[in-house]
Amino acid sequence: MLIIDDEEPTREAIRILGDWPRHGIGEVLEAADGQEGLALLERERPDLVLVDMKMPVMDGLAFLQIVEQDYPDLFTIVISGYNDFDYTRQAIRSRVVDYLLKPVNRGDLNQALAKAAGVLDARRDSKRDHIDRDIALNMSLPKLKENIYLSLLARTFRAGSSEAYLRLIGADDPGTRFGVTVLRLLNLDAVAAGRFKGETALLHYAAANVVGEFAEAGFLSFGLANPKRDRELIVIHSMTGGYPEDLAFRAAHFARKIAQGLSDLFGIRTAAGLSGPGVAVGGLADAYGAAAEAADGADLFRRDELQPSPPAAERKETGAPAVSFAPRMPQLRSAVEAGSAAQARSVVQQYMAGLREQGRFSFKQADRLLEELLFLLGELALELELPAPDADAETGGDAKAASARGGGALGTLDALGLSADFAGFDAFEALLCRVCERYAELARAALSPERAFDVGEIKRYIEQHYFEDIKISMFTERYFLSREYLMKLFKQQYGFGIHEYVQKVRMDKAKALLDRPELKIQEISEMLGFKDKNYFSKAFRNYVGLSPSEYRAQGAEAP
């Protein structure tokens with residue numbers, strides 16, 4: 001092994017802390033900078049290099065770039081007192097075995113050495129060409145383990161193909177049990193933009209490394225990003241011996257530590273789901289499914305609570321109640337067609353008020369509702385021939401980033417210039433409001449100020465939507481006309497002011513409904529859009545001269 005560091009005390013400390021015989025390392029070489037390290041590398045051909053990032057003559061960044069090109073089979077461990085973005089990015093690009101921060105402690109160092117020794121042993125012990133090819137591609141142990149775990153989760157791993165692979169994750173011991181924790185990253189976009197220069201892959205790398213930082217004796221945990229779900233960090237636990245329930249208990253404790261660590265280090269907010277008692281390696285796919293379902297079922301009102309997986313029998317029968325925005329689409333359509341962002345927001349808020357009263361709302365329900373709303377509004381946008389928004393302006397000039405995440409057509413958050421971040425019910429409601437407002441803004445921008453104005457459109461709108469909260473500002477925004485001009489034009493045409501006509505339509509409808517004895521006055525009040533029965537009664541008396549009850553009684557007495 002070769003240690004490259006310009007500080008002699010650091011090199012000496014590493015010599016003392018490393019458990020070299022246990023990892024099969026028989027000789028330890030030293031160099032004071034990258035240039036000297038390259039000379040030793042060429043002459044001695046070490047199996048493993050520990051390299052500091054900040055050094056004179058040639059720093060670790062330049063050293064790794066040369067190693068990446070000229071020594072693709074070399075295993076490297078980065079050591080640095082500088083938690084710097086560029087250093088970390090180069091470490092990822094060079095596929096280093098591990099990234100350690102100074103001062104290096106004994107546990108971290110020996111854990112990194114064990115990783116390197118494990119993959120070196122797999123390379124030497126393997127007799128199969130396909131393993132040699134994989135390792136020849138300089139797959140560092142974390143990446144190799146990640147691929148093994150992903151194939152197990154996808155049920156594509158063939159256990160008989162290589163015992164060396166199973167040994168790398170401890171699955172060759174029949175007494176080893178596994179479990180899964182799924183962490184949903186709730187503010188991924190905000191943290192990536194604020195802390196990782198917009199690079200989600202780097203955020204995933206950092207979050208997965210935090211899992212290793214919180215390793216516990218006798219309880220191994222490995223973090224990896226789910227390549228199919230951007231906002232999901234998978235943590236796989238393994239433990240040898242004990243009862244299956246022991247692993248579940250320690251996983252719950254570990255999940256709390258990880259969630260707190262991610263919050264303290266990066267400001268990442270999470271919701272967690274647990275898989276339950278430990279299983280054999282062949283049960284990892286089912287364990288992941290249970291943990292993912294538990295995380296999706298976390299409550300937006302209480303997202304900090306750990307969600308244990310329900311028993312398999314219950315899992316098939318229970319689920320989040322269906323939610324749908326479809327019944328509200330006529331009102332939302334009117335708001336979008338009118339170009340009224342305020343009206344669109346009001347429709348969403350009224351709908352969400354009903355969901356809020358239920359007292360529980362899961363992330364799974366939220367995902368489905370958001371997906372449905374985007375689809376319905378996307379279809380409406382096509383029907384109305386709304387122009388696509390300026391993605392470059394909406395994403396702060398990063399149109400390529402939006403396109404890479406799947407944007408490009410109306411019906412996606414990226415196309416609307418919006419983030420999918422939400423960590424609670426209030427934030428989710430705000431996101432839905434912004435989606436609907438955005439479509440209303442697009443519709444308003446598409447309206448031509450020179451289009452011939454027909455005041456009859458306002459009259460027809462009132463007659464169809466008399467039960468809603470109708471404000472003159474809705475029409476001034478839509479038609480780009482002043483309040484005074486609209487009111488004057490409407491009264492000249494129909495002999496009523498706009499507010500007067502709204503009241504007339506409501507009261508005429510009230511008279512018709514009062515003639516139906518099966519309807520209660522409270523029900524009629526709600527049907528007309530009055531939130532308070534007493535207010536309806538007062539408005540009706542002022543307009544007709546009788547209370548609703550008196551009017552109904554008078555009608556009943558008529559021959």
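Heavy atoms only: backbone and side chains are in, while hydrogens, waters and symmetry mates are out. Along the sequence shown, residues carry numbers from 1.
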Show me the donor-acceptor pairs within less than 3.5 Å that the side chains of residues 218-226 make with the rest of the protein, sequence neighbours left out.
residue : atom : partner : partner atom : Å
S221    : OG   : H237    : ND1          : 2.8
N226    : OD1  : K228    : N            : 2.9
N226    : ND2  : E232    : OE2          : 2.7
N226    : ND2  : Y288    : OH           : 3.1

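For the side chain to side chain contact (heavy atoms under 4.5 Å, CB included) test, residues two or more places apart in sequence or in another chain that qualify with D6 are D52, M55, P56. Looking at residues two or more places apart in sequence or on another chain, you find a side chain to side chain contact (heavy atoms under 4.5 Å, CB included) between Q260 and D264. Shown here are the side chain to side chain contact (heavy atoms under 4.5 Å, CB included) partners of E7, two or more places apart in sequence or in another chain: D5, P9, T10, K102. Among residues two or more places apart in sequence or in another chain, the side chain to side chain donor-acceptor pair (under 3.5 Å) test is passed with R231 by D189, D421.
More than 12 heavy atoms of other residues, nucleotides or ligands lie within 6.0 Å of CD in E44, so this atom counts as buried by the packing criterion.
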Self-check item: Worked check of salt bridge (charged side-chain N to carboxylate O under 4.0 Å, His left out) between K364 and E293
Solution: CA-CA 9 Å; K364 186 174 185 178; E293 187 172 347; 5.3 Å; no
Self-check item: Residues T176, S238; criterion side chain to side chain donor-acceptor pair (under 3.5 Å); working and verdict
Solution: CA-CA 7 Å; T176 301; S238 61; over 6 Å; no
Quiz item: Can you list the steps and then say if F325 with Y351 is a ring pair (Phe, Tyr, Trp, His ring centres under 6.0 Å)?
Solution: CA-CA 8 Å; F325 218 96; Y351 176 74; 4.7 Å; yes
Exercise. Please step through salt bridge (charged side-chain N to carboxylate O under 4.0 Å, His left out) for the pair E12 and R15, ending with a clear verdict.
Key: CA-CA 5 Å; E12 182 63 24; R15 276 185 172 275; 5.1 Å; no
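A donor-acceptor pair under 3.5 Å is formed between the side chain of R195 and the backbone N or O of F266.
Side-chain contact between F363 and D299 is absent, with no heavy-atom pair separated by less than 4.5 Å.
A salt bridge (Lys or Arg N to Asp or Glu O under 4.0 Å) check over residues 175-187, counting only residues at least two apart or in different chains, returns the pairs R184-D296, R184-D367.
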